[in-house]
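Any value given below was found using the heavy atoms of this structure, including those in side chains, with hydrogens, waters and symmetry copies removed.
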Amino acid sequence: MRLGLALGYWGRGPDPRHLELARQAERFGYHSVWTAESWGSDAFTPLTWIAAHTTRVQLGTAVAQMAARTPTATAMHALTLDHLSGGRMMLGLGLSGPQVVEGWYGRPFPKSPLTATREYVEVIRQVLRREAPVRLDGRFHAHPYAGPDATGLGKPLKPIVHPLRGDLPLLLGAEGPKNIAQTVRIADGWLPLYWSPRRTELYEAALAEAAEGFLVAPMARARVCADVAEGLLPVKAMLGFYIGGMGHAARNFHADLMARMGYEAEARRIQELFLAGRREEAIQAVPDAFADEISLVGPRERIAERLELWRAGPVTDLLVTAPDPHTLRVLAELNT
């Protein structure tokens, strides 16, 4: 199991620790560094900055949002950064949800998310392979565009730039069972959310169909600390926000995932509290047991014991969200 550093996205502004954390991760032997985006900082610009200050570590987006760019624009970002970094780019994509797609990007959320994702991936594959001009008779991502308002002058094109790698790794963030099954079929890897090494049976059937070399790369908050309860507070804050606020009461993919993992009543209670404006109560309502099983928190000995559970399962790359170099170093030492 390889280690990656997941930096996420910015809060109110750029985090001055991120670049040094990325450099530390490279020195400690981490395989990859990952950035993200929501409705603030983008995923590619910070990753380019990190690429310029590192030499070996792989560079991934976990995740770049599909609604933010056309698939050809995303492919352009990926092939450009792959060239500039010397072949270190890993493209992680996610569809997001209706609240963000329609509320932030001002686009309709696709009525058939699986089809939209499949078409998006196919266009990117065509760009990176550069075998012919991009053509797709797609429902959501037609190339050339031939809708009712088209001029009819659209011309199939292939990139001017020759991509460095036609097989640049493409991973997908997927939560629902059908989405996970499709990810195994069309992508090079999966970026799971809320992975529990104690519940790998939930995904055995889907992963049994994966090709050799398929990547399973979940994120996990990690912190070496004496007080487990105190160390879990950031995990609970994240869960409270995503489960309570990242979606509508009737359509929240994160809450649905928590429910499938055995915490349905707790997930609905978190939603109820958060949407009522009682955010602190929503965070407190996150069960410590749930926060603990999807993270690596506590003294070194406790983390060492739990890390073995992660290593024993199908995870190929553990993407660590860690606040300090000490935690990064301890995990590197324990994972050797």
Side-chain angles (χ1 to χ4, degrees), residues 9 35-45 47-48 61-83 89 91-163 166 168 170-176 178-183 185-188 191 246-254:
Y9 47 79
T35 56
E37 60 190 9
S38 54
W39 51 90
S41 60
D42 77 281
F44 290 99
T45 307
L47 203 60
T48 305
T61 55
V63 295
Q65 295 182 326
M66 290 185 238
R69 306 162 191 87
T70 64
T72 47
T74 297
M76 289 166 63
H77 277 294
L79 71 85
T80 301
L81 185 48
D82 203 41
H83 269 290
M89 179 68 196
L91 180 59
L93 300 171
L95 192 60
S96 193
Q99 291 71 32
V100 175
V101 172
E102 297 182 359
W104 178 248
Y105 293 114
R107 304 180 61 183
F109 187 77
K111 289 183 170 57
S112 179
L114 294 179
T115 301
T117 298
R118 188 166 59 251
E119 291 180 3
Y120 201 102
V121 169
E122 173 58 25
V123 171
I124 291 175
R125 298 285 202 200
Q126 289 192 36
V127 172
L128 295 177
R129 288 194 297 261
R130 201 180 180 272
E131 295 171 347
V134 176
R135 292 181 181 273
L136 183 68
D137 183 19
R139 176 181 173 187
F140 299 98
H141 300 292
H143 284 71
Y145 177 71
D149 55 346
T151 64
L153 302 177
K155 177 182 177 180
L157 299 168
K158 62 181 179 180
I160 297 170
V161 175
H162 290 235
L168 185 153
L170 191 154
L171 299 84
L172 292 174
E175 296 179 45
K178 292 181 180 179
N179 201 353
I180 295 169
Q182 175 172 270
T183 295
R185 294 194 301 270
I186 69 173
D188 302 305
L191 296 160
M246 287 285 273
H248 188 271
R251 193 170 189 182
N252 183 314
F253 302 138
H254 307 291

Would Arg69 and Asp42 count as a side chain to side chain contact (heavy atoms under 4.5 Å, CB included) if you check the C-alpha gap in whole Å, the side-chain angles of each, and the deciding distance to 0.1 Å?
CA-CA 11 Å; Arg69 306 162 191 87; Asp42 77 281; 3.9 Å; yes
Side chain to side chain contact (heavy atoms under 4.5 Å, CB included) for His141 and Val134? Distances and angles first, verdict last.
CA-CA 11 Å; His141 300 292; Val134 176; over 6 Å; no
Taking all atoms of both residues into account, what is the closest heavy-atom pair of [X] and [Y], and its distance?
{"X": "Gln182", "Y": "Leu114", "value": "NE2-O, 3.0 Å"}
{"X": "Tyr9", "Y": "Ser41", "value": "CB-OG, 3.7 Å"}
{"X": "His143", "Y": "Pro71", "value": "CE1-CG, 4.3 Å"}
{"X": "Pro163", "Y": "Val127", "value": "CG-O, 3.7 Å"}
{"X": "Ala36", "Y": "Ala62", "value": "CB-O, 3.4 Å"}

I need the [X] [atom1] to [Y] [atom2] distance, nearest 0.5 Å.
{"X": "Arg125", "Y": "Leu168", "atom1": "CZ", "atom2": "CG", "value": "9.0 Å"}
{"X": "Thr72", "Y": "His77", "atom1": "OG1", "atom2": "NE2", "value": "10.5 Å"}
{"X": "Met66", "Y": "Thr117", "atom1": "CE", "atom2": "OG1", "value": "4.0 Å"}
{"X": "Leu79", "Y": "Leu128", "atom1": "CG", "atom2": "CG", "value": "6.5 Å"}

Got [X] and [Y] here, is their nearest side-chain heavy-atom distance under 4.5 Å?
{"X": "Asp188", "Y": "Leu170", "answer": "yes"}
{"X": "Thr61", "Y": "Leu47", "answer": "yes"}
{"X": "Phe140", "Y": "Arg118", "answer": "no"}
{"X": "Leu91", "Y": "Phe44", "answer": "yes"}

Given the rule in the side chain to side chain contact (heavy atoms under 4.5 Å, CB included) test, do Ile186 and Leu172 qualify, once you have shown the distances and angles that lead to the verdict?
CA-CA 9 Å; Ile186 69 173; Leu172 292 174; 4.0 Å; yes
Could you tell me whether a side-chain N or O of [X] sits under 3.5 Å from a main-chain N or O of [Y], the two making a donor and an acceptor?
{"X": "Glu37", "Y": "Ala43", "result": "yes"}
{"X": "Gln126", "Y": "Arg135", "result": "yes"}
{"X": "His83", "Y": "His162", "result": "yes"}
{"X": "Asn179", "Y": "Ala174", "result": "no"}

Do Tyr105 and Ser96 pass the side-chain hydrogen bond (donor to acceptor under 3.5 Å, both in side chains) test, and can you show the C-alpha distance, the side-chain angles, and the key distance before you say yes or no?
CA-CA 11 Å; Tyr105 293 114; Ser96 193; over 6 Å; no
Under a 4.0 Å N-O cut-off, is there an ion pair linking Arg139 with Glu122?
no
